[in-house]
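Each remark here refers to the structure printed beneath this line.
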Amino acid sequence: MDLPTIPLPEFSPGWVWLVGAGPGDPALLTLAAVHALQSADAVVYDALVDRRILALANENAEQIYAGKRGGRPSRKQPDISARLVQLARAGHRVLRLKGGDPFVFGRGGEEALALVAAGVPFRIVPGITAAIGGLAYAGIPVTHRDINTAVTFVTGHNITGDVPDDLDWPALARGAPVLVFYMALKHLDEITTRLIDSGRDANEPAAIVASATTSEQQVIETTLGAAAKCAEEVSPPALFVVGEVVRLRAGLDWLGALSGRVLDADPLGLSDARDAG
Ligand code: SAH
């Protein structure tokens, strides 16, 4: 693939680049990510990295799977960091490819600190995180001036795979009008119950967005109270979003419009309200 002639940093032997691959659609890769794929000697990738993205790696690159997926056998984090150090010390250009953005619920910080400890030089290439890119493909903006001035990203899993117990649920529920949960499917029942118990309205719009930006994308529009029952209808990876922004999908489902959905230019009913007022 020819890239525009913009200056790209040199990927030197002995370096590790921690690169975000975006939520799935290869078209959402950054130019730096494509450059890294074309230059790397070793690509260490996670479960969520799309095959079509790995196919962009140069043909001599060794591809090493370091996936972790809830409930399945996985490599341990220290093993992955040690492997990165070992490959870099052997003089390889090491591309550590992660789904979404490497610094958003992706342990990129942990891996980078292991490189610092080992004296291995590294670069971070941000990627489009699932909450932003994935919801955009579902026609749901994470902010809208008429709805919210803040958005909260939350993980539904902690390090042991349970719902994080250090979360202040009442504060979370009271905080931003829009909440986006990563890794939420498994514990959706507990998450939605806790939010409602902490004061969020069970009738609030909510959506589950699975395999966003891929051909398998699935979007279920529901309510906070009814969402947990829908969890069985989808497979991971999935996001869970709570808030009035979900209603904007009636106007902004641009992917749906490509297959004939008629979009509503006033999904929040604001022109009626303005006329009446
Ligand atoms: N670093 C990643 C997040 C890794 S955690 C990022 O910035 O996006 C993995 C979680 O991300 C999944 O459990 C899911 O909640 C979310 N996710 C990643 N890709 C997704 C996709 N294509 N569709 C929906 N959710 C996705």
Side-chain angles (χ1 to χ4, degrees), residues 17-30 32-33 44-54 65-72 74-75 77 80 95-112 124-142 151-164 167 178-188 190-192 206-222 227-228 230-231 233-242 246 249 253 255:
W17 283 24
L18 274 104
V19 177
D25 182 349
L28 299 180
L29 286 168
T30 61
V44 182
Y45 65 97
D46 280 348
L48 287 177
V49 175
D50 197 283
R51 297 199 163 282
R52 292 166 302 165
I53 289 174
L54 289 172
Y65 176 67
K68 287 192 281 308
R69 213 51 200 279
R72 300 203 197 149
S74 63
R75 279 185 168 274
Q77 191 63 44
I80 298 171
L95 167 52
R96 175 67 173 117
L97 196 57
K98 292 176 161 288
D101 182 277
F103 277 1
V104 180
F105 302 133
R107 306 200 190 187
E110 286 161 64
E111 291 176 18
I124 307 295
V125 178
I128 297 180
T129 194
I132 295 174
L135 291 183
Y137 269 51
I140 303 172
V142 289
V151 54
T152 303
F153 294 159
V154 192
T155 173
H157 271 191
N158 65 9
I159 211 155
T160 61
D162 298 326
V163 174
L167 270 178
V178 177
L179 310 173
V180 188
F181 289 84
Y182 290 71
M183 299 175 269
L185 221 42
K186 193 166 146 206
H187 301 302
L188 206 53
E190 183 173 351
I191 288 167
T192 52
I208 300 171
V209 182
S211 300
T213 83
T214 74
S215 56
E216 326 267 88
Q217 175 169 308
Q218 230 186 320
V219 182
I220 299 179
E221 285 180 57
T222 174
C230 309
E233 294 169 34
V234 297
S235 322
L239 297 155
F240 178 56
V241 52
V242 184
V246 171
R249 183 162 195 266
D253 179 17
L255 258 181

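First listed ligand is number 1; within each ligand, the first listed atom is number 1.
Counting protein heavy atoms only, atom 18 (C) of ligand 1 is closest to Ala130 CB, 3.6 Å. Of the protein's non-hydrogen atoms, Ala238 O, 2.6 Å is the one closest to atom 15 (O) of ligand 1. When hydrogens are left out, the protein atom nearest atom 13 (O) of ligand 1 is Met183 CG, 3.1 Å; that is the closest non-hydrogen contact. Remark: minimum distance from atom 7 (O) of ligand 1 to any protein heavy atom is reached at Thr129 OG1, 2.6 Å. Looking only at protein heavy atoms, the nearest one to atom 4 (C) of ligand 1 is Phe105 O, 3.3 Å. Protein heavy atom at the shortest distance from atom 22 (N) of ligand 1 is Pro23 O, 2.8 Å. Atom 9 (C) of ligand 1 has its closest protein heavy atom at Leu48 CD1, 3.6 Å. The protein non-hydrogen atom at the shortest distance from atom 1 (N) of ligand 1 is Val104 O, 2.7 Å.
The pair Arg52-Asp25 fails the salt-bridge criterion, with no side-chain N (NZ, NE, NH1 or NH2) lying under 4.0 Å from an Asp/Glu carboxylate O.
Contacts of Pro102 with ligand 1, taken as heavy-atom pairs under 4.0 Å, are absent altogether.
Of the possible polar contacts, one joining the Gln217 side chain to the Tyr137 backbone as a donor-acceptor pair under 3.5 Å is found.
For Ala66 against Val44, the heavy-atom pair with the smallest separation is CB-CG1, 3.7 Å. Closest approach of Tyr65 and Ala47 over heavy atoms only: OH-CB, 3.5 Å.
Residue nearest to atom 23 (N) of ligand 1, selected from Ala212, Gly99, Gly156: Ala212 (by heavy-atom distance).
In this structure, Phe240 and Phe181 have tilted ring planes: the angle between them lies in the 30° to 60° band.
Of all atoms in ligand 1, numbered sequentially from 1 with element shown, those under 4.0 Å from a heavy atom of Val209 are 24 (C).
Ligand 1 lies out of reach of Gly134, whose nearest heavy atom is not under 4.0 Å from it.
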